[in-house]
Number of protein chains: 2
Amino acid sequence: MSRPTIAGVARAAGVSVASVSRVLNGLPATEEMAERVRRAVDELGYVPDSRARSLKVGRTFQLTLAVADVGNPVYVTMMRAVEEVVSAAGYRLVVTTTGPEIVDEVALVRGMARGYADGLVISPLRVDDDLIKSIQECDVPVVVAGNVPAKAGVDTVRANSPKGMALAVEHLVSRGRRRIAFLNGPADTVPGEARAKGFADALRTHKLRAVAQVEAVDFTFAAGREGGRELLGGARDHRPAFDAVIAANDLLAVGLMHELVAADLAVPDDVALVGMDDSELAEQCFPTLTSVNLGSAERGRRAAELLLARIEDGERSPRRIVVHPSLSVRRST
Amino acid sequence: MSRPTIAGVARAAGVSVASVSRVLNGLPATEEMAERVRRAVDELGYVPDSRARSLKVGRTFQLTLAVADVGNPVYVTMMRAVEEVVSAAGYRLVVTTTGPEIVDEVALVRGMARGYADGLVISPLRVDDDLIKSIQECDVPVVVAGNVPAKAGVDTVRANSPKGMALAVEHLVSRGRRRIAFLNGPADTVPGEARAKGFADALRTHKLRAVAQVEAVDFTFAAGREGGRELLGGARDHRPAFDAVIAANDLLAVGLMHELVAADLAVPDDVALVGMDDSELAEQCFPTLTSVNLGSAERGRRAAELLLARIEDGERSPRRIVVHPSLSVRRST
DNA sequence: GGTCGCTCTGTAAACGATTACAAGAACGAT
DNA sequence: ATCGTTCTTGTAATCGTTTACAGAGCGACC
């Protein structure tokens with residue numbers, strides 16, 4: 001009643017286990033042998049046990065993508081891109097979600113060690129020495145979609161947020177906006193920090209001063225609403241001090257948009273709004289959201305390629321890829 | 001250089017492999033023994049090989065959730081619920097995406113066979129005999145989040161879409177709408193079929209006639225826009241024949257909403273709009289979307305519980321759970 | 001005809017863990 | 001002191017594959 005093993009197939013076909021294995025793996029065999037094995041396999045409904053197989057050959061043919069929040073549409077984009085590359089290479093992709101705490105990521109990388117998958121793409125919100133150490137010690141290749149110090153010597157693919165910020169500011173300035181506010185995510189995260197710096201730099205090149213800056217507790221929609229309320233807080237009854245806002249990602253932007261509408265401010269007439277990530281949400285919301293495309297799809301693709309290349313050759317020197325941003329202009333500006 | 005095995009730890013600690021295994025699995029041992037093993041483990045950074053372990057014990061402690069489209073926010077809700085239950089039970093959840101073709105699902109279930117995971121929750125868009133057969137033959141428990149004939153004898157958790165449709169229609173009627181259109185997804189899918197039937201029934205109980213009905217090619221945002229254009233097609237220059245639309249899911253609803261706005265129709269004043277799934281998107285879009293809550297979170301939770309129960313006891317008779325819908329009223333009606 | 005070489009198949013040893021079983025140590029009771 | 005009981009530890013079998021190695025069969029060539 002229980003699952004047939006290769007031994008059962010061998011018995012049914014009247015051949016040895018080695019022959020069964022060979023036929024199944026496409027190694028040379030006589031046509032008659034192949035036929036007998038195939039028949040027995042069909043008859044018993046035999047499916048090889050992938051655990052035993054990968055224990056022996058040392059590979060699982062699975063790759064893992066670890067993201068912090070499946071609810072964030074930017075990860076959907078990335079996931080699709082990664083999926084495409086890895087499945088073309090004959091791997092199966094499994095996605096796991098780490099949650100917002102960095103300890104989860106460290107635990108994931110540690111536990112990842114040989115057995116669950118042949119490689120890992122991880123997109124951590126926060127990076128600390130523990131995480132880097134666990135990546136370096138991990139005996140299956142890891143590529144980080146995010147920013148990690150060069151001296152860590154790990155493969156990375158990251159976005160150029162400062163450049164992205166520059167695009168956003170430039171665009172708003174060209175639309176005649178000068179009083180630009182910023183709704184960031186948590187500043188103790190890698191993207192949060194990068195975007196804060198990028199924003200400051202971009203303002204400087206345009207000789208502008210920040211009129212308002214708020215740090216949301218999270219990169220989520222709810223945090224965007226809350227941050228929006230805070231941003232508008234001082235301006236309950238009069239026009240706000242800003243005529244444009246840049247949000248650190250699309251979810252925050254959309255949350256903010258709701259608060260703007262609730263405060264009777266028209267987008268883009270009263271306040272222009274730029275998001276970041278250019279996720280599916282940017283075209284789903286209303287008005288459609290101008291958003292900085294940080295290349296999530298390309299980052300996913302490149303990360304997957306990097307991972308495959310390193311699985312192929314573990315000795316190659318670590319690559320650090322930066323993908324360049326572009327701006328998707330929509331109705332919110 | 002390579003990963004230490006249990007034998008290495010045993011050697012380093014000067015004990016036998018059996019003792020190492022026992023300490024690691026919390027079986028009784030003297031304090032001194034435990035201490036030596038722990039030290040050696042720390043020193044070598046030993047992590048057990050999960051393949052070998054699960055080959056021996058016959059369990060992987062992984063469960064799989066298979067969904068058709070990661071971009072659909074309803075799956076995000078479901079995924080979160082499943083994750084919560086299975087991780088509380090000590091399993092790790094992996095998510096794989098099947099794509100819109102049913103062959104992918106059959107292949108997934110077939111290949112799932114013992115080795116990748118201890119169980120599977122699958123939410124198939126289409127169900128045919130092949131799929132049912134593969135589920136029955138699968139030697140790891142499978143629970144279907146969706147509708148499957150009772151005689152198939154598989155555990156299922158499904159939504160009550162007819163009831164959900166009734167709620168939607170009732171609500172619209174109570175808002176004074178009588179000319180209700182329907183934007184369905186593909187009618188050859190399980191949810192598409194159920195919703196079409198539910199819609200027809202609900203209209204009948206209210207003695208209404210369908211004024212327009214369109215079938216989108218997909219359950220996606222893009223298909224929603226396209227379907228929306230089709231729905232409005234006949235009404236290019238004059239008021240449309242309907243004063244309300246029910247969409248078969250939130251993505252379709254939001255796509256449609258964009259077309260309504262593009263056609264200068266106000267939501268809800270000119271056209272009221274009801275979505276289904278009550279996903280995160282329903283509160284993210286603008287105006288916020290009234291949506292039928294088909295209990296995705298609860299379905300996910302129940303499905304996960306069913307799966308765990310069946311893993312526990314493979315002989316229990318198959319359960320068929322139906323979760324009841326409710327309506328989340330928002331600004332679009 | 002004998003030997004070489006080639007191809008095909010089977011036997012058995014891994015892979016790295018768990019665990020049944022046996023052996024040894026410690027200890028108390030008689 | 002001996003025996004039995006209990007507790008701890010080690011040896012070795014096992015899970016289901018792959019694959020190195022060796023043996024068998026057979027044709028070809030000298």
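Keep in mind that what you see is a predicted model, and the values were worked out from it rather than measured. We name chains A, B, ... by the order of the sequence lines, and we start the count at 1 in each one. As a basis for the values below, the full set of heavy atoms in this structure was taken, side chains included, without hydrogen atoms, waters or symmetry mates.
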K.L.:
Check for a donor-acceptor pair, side chain of B:Arg320 on one end and backbone N or O of B:Val148 on the other, with a separation under 3.5 Å.
P.N.:
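Side chain of B:Arg320 to backbone of B:Val148, a donor-acceptor pair under 3.5 Å: yes, one is there.
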
K.L.:
Closer to the 5' end of DNA chain C via nearest nucleotide, is it A:Thr30 or A:Val57?
P.N.:
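Upstream on the strand: A:Thr30.
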
K.L.:
Counting only heavy atoms from other residues, nucleotides and ligands, does the tally under 6.0 Å from CZ of B:Arg11 exceed 12?
P.N.:
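Open.
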
K.L.:
For a quick check of understanding: with a heavy-atom distance under 4.0 Å over all strands, which category does A:Ser21 fall into, base, sugar-phosphate or nothing?
P.N.:
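Since a base atom lies under 4.0 Å of A:Ser21, the category is base.
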
K.L.:
So if I take every side-chain heavy atom of A:Arg53 and compare against D:dG16, D:dT8, D:dT18, which nucleotide ends up nearest?
P.N.:
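The answer is D:dT18.
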
K.L.:
Taking CZ in B:Arg316 as the centre, count heavy atoms belonging to other residues, nucleotides or ligands within less than 6.0 Å. Is the count above 12?
P.N.:
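Enclosed: over 12 neighbouring heavy atoms sit under 6.0 Å from CZ of B:Arg316.
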
K.L.:
Could you check how far CG of A:Asn25 sits from P of D:dG16, rounded to whole Å?
P.N.:
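Nearest whole value for this atom pair: 18 Å.
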
K.L.:
Would you mind telling me which of D:dC15, D:dT18, C:dC15 lies closest to the side-chain atoms of A:Leu55?
P.N.:
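That would be C:dC15.
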
K.L.:
Per the end-axis method with five pairs at each terminus, what is the bend angle of the helix from C:dG1-D:dC30 to C:dT30-D:dA1, to 10°?
P.N.:
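The angle separating the two end axes equals 70°.
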
K.L.:
Tell me every residue that passes side-chain contact (heavy atoms from CB on, under 4.5 Å) with A:Asp118, counting only those two or more places apart in sequence or in another chain.
P.N.:
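Checked A:Asp118 against side-chain contact (heavy atoms from CB on, under 4.5 Å); matches are A:Arg59, A:Thr60, A:Leu63, A:Tyr91, A:Ile311.
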
K.L.:
Does A:Ser16 have a side-chain nitrogen or oxygen under 4.0 Å from the phosphate oxygens OP1 or OP2 of C:dG10?
P.N.:
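Yes, A:Ser16 has a side-chain N/O under 4.0 Å of OP1/OP2 on C:dG10.
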
K.L.:
Send over the distance from A:Ile6 CD1 to C:dT9 C1', rounded to a whole Å.
P.N.:
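Going from A:Ile6 (CD1) to C:dT9 (C1'), I get 14 Å.
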
K.L.:
Around atom CD of B:Glu193, are there more than 12 heavy atoms of other residues, nucleotides or ligands at under 6.0 Å?
P.N.:
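No, because the 6.0 Å sphere around CD of B:Glu193 holds 12 heavy atoms or fewer from other groups.
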
K.L.:
Reckon B:Arg22 touches a base, only the sugar-phosphate, or nothing at all at heavy-atom distances under 4.0 Å?
P.N.:
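Base contact - B:Arg22 has a heavy atom under 4.0 Å of at least one base atom.
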
K.L.:
Applying the side-chain contact (heavy atoms from CB on, under 4.5 Å) test to A:Val144, which of A:Leu131, A:Ile132, A:Val154 qualifies?
P.N.:
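Checked A:Leu131, A:Ile132, A:Val154 against A:Val144; only one passes side-chain contact (heavy atoms from CB on, under 4.5 Å): A:Val154.
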
